[in-house]
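The structure under discussion appears below in the form of structure tokens.
Atom set for the values below is all heavy atoms of this structure, side chains included, hydrogens, waters and symmetry mates excluded.
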Amino acid sequence: MKLVILDRDGVINYDSDQFIKTPDEWKPIPGSLEAIAKLNHAGYRVVVASNQSGVGRGILTLKDLEAIHARLEGLLEQDDAALDAIYFCPHHPDDGCRCRKPARGMVDRAVSELQVDLRRSYLIGDHARDVQLAKAVGAKAILVTSGRVDEQAINMLRAQQAMPDTIVQSMAEAVDWILKDAVGTQASRIASGSTIEP
């Protein structure tokens with residue numbers, strides 16, 4: 001089963017320096033919800049994997065976060081779209097948990113619950129840690145520059161020889177790249193005689 005893993009803030013919605021604390025503060029980036037619908041219609045499982053340390057810092061509660069995600073899911077429903085799951089890490093960065101990206105805990109949970117193949121998966125994010133996570137789990141990495149990506153982060157990835165598979169300006173552009181890449185990958189499998197089903 002094909003999977004696309006999405007970061008939330010800076011990819012689906014506008015990010016905030018002060019943490020997004022209420023549904024009213026959560027504002028989708030134009031085209032992002034329609035891009036999720038396009039993935040749905042193309043047969044992909046779609047999940048969110050998001051660091052939400054505002055919970056661990058005491059800035060918002062789990063109930064606040066659930067309300068924000070309810071808004072996301074409600075808006076998706078209006079676009080005839082849906083997420084298969086929303087995973088989040090509520091911990092403080094100093095907690096040493098196994099789920100805060102670039103640790104792979106949220107992705108491992110998605111694999112276990114959804115029975116997906118990471119070799120046919122993509123991760124869309126706007127931070128170096130998203131790219132690092134994609135490389136760690138064997139997914140293709142797409143870096144979106146609509147968030148807070150800076151040249152220092154790009155240089156760090158370059159030094160680690162962990163550059164993303166592509167860099168795009170929006171989630172809509174990322175999804176278009178995925179759909180084209182998947183066609184090319186499928187053609188390569190057919191040419192090599194592979195019998196793996198989509």
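- The aromatic rings of Y44 and Y122 lie perpendicular to each other, with more than 60° between the two planes, well past the 30° mark.
- Residues passing the salt bridge (Lys or Arg N to Asp or Glu O under 4.0 Å) test with E25 are K21, sequence neighbours excluded.
- At a cut-off of 3.5 Å, with distance as the only test, a side-chain donor of S50 or Q52 sits close to an acceptor on the other residue.
- Using a 4.5 Å heavy-atom cutoff, the side chains of L143 and T166 are not in contact.
- Both I12 and L65 are members of a single hydrophobic cluster when ILVMFWY side chains are connected at heavy-atom separations under 4.5 Å.
- Of all non-hydrogen atoms in L62 and P90, the two that sit nearest each other are CD2-CB, 4.4 Å.
- The distance from the CE atom of M171 to the CD1 atom of I124 is 5.0 Å, given to the nearest 0.5 Å.
- Put simply, W177 and V46 are part of the same group of oily side chains (I, L, V, M, F, W, Y) that touch within less than 4.5 Å, one to the next.
- Note on D117 versus K2: no salt bridge recorded, every NZ/NE/NH1/NH2 to OD/OE distance being 4.0 Å or above.
- Applying the salt bridge (Lys or Arg N to Asp or Glu O under 4.0 Å) criterion to E66, with sequence neighbours excluded, gives no partner residue.
- Residues forming a salt bridge (Lys or Arg N to Asp or Glu O under 4.0 Å) with D95 (at least two apart in sequence, or on another chain): none.
- Annotation: the span from E77 atom CD to L33 atom CG amounts to 12.5 Å, rounded to 0.5 Å.
- With rounding to the nearest 0.5 Å, the separation of CZ in R45 from CG in N40 is 10.5 Å.
- Between atom CG of residue L76 and atom OG of residue S32 there is a gap of 8.0 Å, rounded to the nearest 0.5 Å.
- With respect to the salt-bridge test (charged N to carboxylate O, under 4.0 angstrom), the residues D7 and K101 qualify.
- Shortest non-hydrogen contact noted between I86 and E73 is CD1-OE2, 3.8 Å.
- Contact detail for A35 and A172: the closest heavy-atom pair is CB-CA, 3.9 Å.
- Cluster annotation: V11 and L72 are assigned to the same hydrophobic cluster (Ile/Leu/Val/Met/Phe/Trp/Tyr, side-chain heavy-atom contacts under 4.5 Å, transitive).
- Atom NZ of K180 is separated from atom CD1 of I178 by 12.5 Å, given to the nearest 0.5 angstrom.
- Looking only at side-chain heavy atoms (C-beta outward), H69 and V48 stay at 4.5 Å or farther from each other.
- The side-chain hydrogen bond (donor to acceptor under 3.5 Å, both in side chains) test applied to D108 returns R104, not counting sequence neighbours.
- E113 CD: more than 12 foreign heavy atoms inside a 6.0 Å radius.
- Closest non-hydrogen pair, P102 versus L133, comes out as O-CD1, 3.6 Å.
- By the 4.0 Å N-to-carboxylate-O rule, K140 lies too far from D165 to be salt-bridged with it.
- Without hydrogens or angle criteria, H127 side chain to R129 main chain gives no donor-acceptor distance under 3.5 Å.
- The shortest side-chain heavy-atom distance between M1 and L114 does not fall under the 4.5 Å cut-off.
- Between L83 and V47 the shortest side-chain heavy-atom distance does not fall below 4.5 Å.
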Item to complete: Please step through side chain to side chain donor-acceptor pair (under 3.5 Å) for the pair Y14 and D9, ending with a clear verdict.
Response: CA-CA 6 Å; Y14 291 106; D9 302 328; over 6 Å; no
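- H91 places none of its side-chain heavy atoms less than 4.5 Å from the side chain of S53.
- For R57, the CZ atom counts as densely surrounded, since its 6.0 Å shell holds more than 12 non-hydrogen atoms of other residues, nucleotides or ligands.
- Under the 4.5 Å side-chain contact rule for hydrophobic residues, I36 and F88 share a cluster.
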Fill in: D126 vs T145, side-chain contact (heavy atoms from CB on, under 4.5 Å): CA-CA, chis, key distance, verdict
CA-CA 6 Å; D126 68 329; T145 59; over 6 Å; no
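- Checking side-chain atoms of R71 against main-chain N and O of W26 turns up a donor-acceptor pair under 3.5 Å.
- To the nearest 0.5 Å, atoms CD1 (I68) and CG (L60) are separated by 5.5 Å.
- Under the side-chain hydrogen bond (donor to acceptor under 3.5 Å, both in side chains) criterion, R100 pairs with no residue at all, not counting sequence neighbours.
- Residues satisfying the salt bridge (Lys or Arg N to Asp or Glu O under 4.0 Å) criterion with D64, sequence neighbours excluded, are absent altogether.
- Of the charged side-chain nitrogens involved, at least one lies within less than 4.0 Å of a carboxylate oxygen, so that K38 and D176 count as a salt-bridged pair.
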